[in-house]
Protein chains: 2
Amino acid sequence: MVARRAVKIELTRDMIMNAARDLFVEKGYQHVSMRQIAKKLNYSHGAIYYHFKNKAELFYALVEKHFLMLDQTIDEIVNQDTDDEEKLRQMCLGFIEFGLTHQSHYEIMFLVKEEEVRNFMNEGPMKTYQKFAKQVSSLSEKQISIQEVWSLFLSLHGFVTHYIRHITTFNEVKGAAEFHVEMVLKWTRN
Amino acid sequence: MVARRAVKIELTRDMIMNAARDLFVEKGYQHVSMRQIAKKLNYSHGAIYYHFKNKAELFYALVEKHFLMLDQTIDEIVNQDTDDEEKLRQMCLGFIEFGLTHQSHYEIMFLVKEEEVRNFMNEGPMKTYQKFAKQVSSLSEKQISIQEVWSLFLSLHGFVTHYIRHITTFNEVKGAAEFHVEMVLKWTRN
DNA sequence: TCCATTAATTAACCACTGTTCAATTATTAC
DNA sequence: GTAATAATTGAACAGTGGTTAATTAATGGA
């Protein structure tokens with residue numbers, strides 16, 4: 001009958017989101033229950049519903065957060081003091097590094113299939129991609145079509161997706177990443 | 001109280017596998033229940049257990065079957081009576097088509113993270129990739145390195161992976177696929 | 001001090017799931 | 001026609017899940 005822990009810090013949205021992120025990454029949206037998240041935090045599952053309307057909303061909050069991070073990464077690279085070709089290279093490598101460093105975030109952003117969740121978030125990925133595309137387009141040596149940028153993006157996506165499967169750090173595949181980026185960037189040159 | 005339909009054809013492994021395939025493609029492994037499969041066939045769910053030990057065995061029977069199909073697809077394309085460049089194009093498109101047509105199987109073959117699932121089918125993807133790589137290498141106009149083939153494969157993989165997220169049929173993205181393949185094949189030319 | 005508010009617990013509800021199994025029926029072999 | 005066998009049914013079991021609601025405890029201000 002002991003409710004409300006005395007000494008313990010109160011449950012916060014952030015605490016829930018952190019625990020949930022780890023579990024979602026480890027098992028995927030469908031295989032994570034509210035009860036599991038609560039257990040990880042040593043709280044009851046009901047408590048989560050005090051902070052989030054339901055499972056989908058909790059998940060969506062995570063996705064939004066991670067998109068902001070990627071947005072910032074892109075901004076930082078664009079504002080670097082280097083020439084355009086190097087910026088392009090850094091953008092592509094930066095994208096891969098982000099994906100492999102924040103595997104959890106990447107999965108949530110680009111790999112989750114569940115309709116229930118995707119209904120919530122349709123603009124998110126698109127806005128981030130548009131930022132990416134705009135930069136690639138303006139940094140490219142030659143005039144590059146929308147379709148070409150899309151192919152470029154998908155190719156980077158393929159790299160990340162594959163290496164995410166084996167729990168690899170970015171450093172372990174840095175060489176391969178650089179090679180892949182170099183291949184892809186051929187499309188941006190005359 | 002009427003068991004065993006009089007007129008109806010008897011339930012077979014093949015019938016079950018066909019119904020299951022459709023559902024798995026439509027909804028993914030997790031979201032398909034034995035009851036749904038049975039319903040689609042107008043049989044009771046118990047009947048399936050007479051033909052398959054359990055859901056996993058039914059699924060793996062399908063996966064195996066479709067690995068064979070991918071292998072055959074590659075073979076057929078290679079044995080076509082066209083020039084090498086066209087064969088290459090067909091190989092790449094064939095791979096994408098396969099991925100988008102058998103989404104659930106593609107996921108297991110190339111996207112599933114759980115070791116538990118991957119353990120009993122580790123040679124599968126590798127053998128198929130090696131066949132693919134060997135053919136790309138020998139059909140390529142210019143001498144192409146192992147790394148270059150790998151980049152090519154990852155780029156196709158990225159295409160499939162992305163469109164698998166949205167429940168898209170191959171036909172809906174055929175144009176995009178052809179463009180993507182054209183981009184990727186630039187790497188094989190001088 | 002009292003009391004409204006906030007935060008957390010727990011039980012309960014309902015809709016599922018994979019799987020097993022006794023009972024039932026249809027088919028076949030004799 | 002009968003007995004043996006094969007195929008099918010549907011109930012039952014044991015879980016799991018998301019979600020809600022009643023309830024309890026801590027907190028801070030009047």
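Values below: every heavy atom of this structure, side chains too, minus hydrogens, waters and symmetry copies. Within every chain, numbering begins at 1; the chains are lettered A, B, ... in the order of the sequence lines, protein sequences first and strands thereafter. Here the structure is a predicted model, which is why all the values come from computation and not from measurement.
- Rounding to whole angstrom units, CG of residue A:Leu58 and C1' of D:dT19 are separated by 14 Å.
- Within the structure, every pair that satisfies the side chain to side chain donor-acceptor pair (under 3.5 Å) test and touches residues 169-181 of chain A, not counting sequence neighbours, is listed here: A:Thr169-A:Glu172, A:His180-B:Ser151.
- One interatomic measurement links the two molecules: CD1 of B:Ile16 to P of D:dA7, which rounds to 11 Å at whole-angstrom precision.
- One finds a salt bridge joining A:Arg89 and A:Glu85 here, because a Lys/Arg side-chain nitrogen approaches an Asp/Glu carboxylate oxygen to under 4.0 Å.
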Side chains of residues 64-71 of chain B: which donor-acceptor pairs under 3.5 Å do they make with residues two or more places apart or in other chains?
unit_1  : atom_1 : unit_2   : atom_2 : d
B:His66 : ND1    : B:Leu62  : O      : 2.7
B:His66 : NE2    : B:His102 : NE2    : 3.4
B:Asp71 : OD1    : B:Thr128 : OG1    : 3.3

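- Spacing between atom NZ of B:Lys39 and atom P of D:dT9 amounts to 15 Å, rounded to whole angstrom units.
- Considering only side-chain N and O atoms, B:His51 lies under 4.0 angstrom from the phosphate OP1 or OP2 of D:dT8.
- Here C:dT24 presents its P atom at 19 Å from OH of B:Tyr50, a figure rounded to the nearest Å.
- In this view, B:Glu148 and B:Lys142, B:Ser145 satisfy the side chain to side chain donor-acceptor pair (under 3.5 Å) rule, not counting sequence neighbours.
- Taking atom CD1 of A:Ile37 as the reference point, atom P of D:dT16 lies 16 Å away to the nearest angstrom.
- Here the C1' atom of nucleotide D:dA7 and the CG atom of B:Leu41 are 15 Å apart, to the nearest Å.
- A:Asn42 has its CG atom 13 Å from the C1' atom of C:dA8, to the nearest Å.
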Task: Footprint string (nucleotides 11-21 of chain C, 5' to 3'): B base within contact, S backbone only, - free, heavy atoms under 4.0 Å - done: BB----SBBB-
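- Not counting sequence neighbours, the partners of B:Trp187 by the ring-ring contact (aromatic ring centres under 6.0 Å, His included) test are A:Trp187.
- Atom-to-atom, CE of A:Met15 to P of C:dA7 comes out at 13 Å; the value is rounded to the nearest Å.
- Residues that satisfy the side chain to side chain donor-acceptor pair (under 3.5 Å) test with A:Ser138, not counting sequence neighbours, are absent from this structure.
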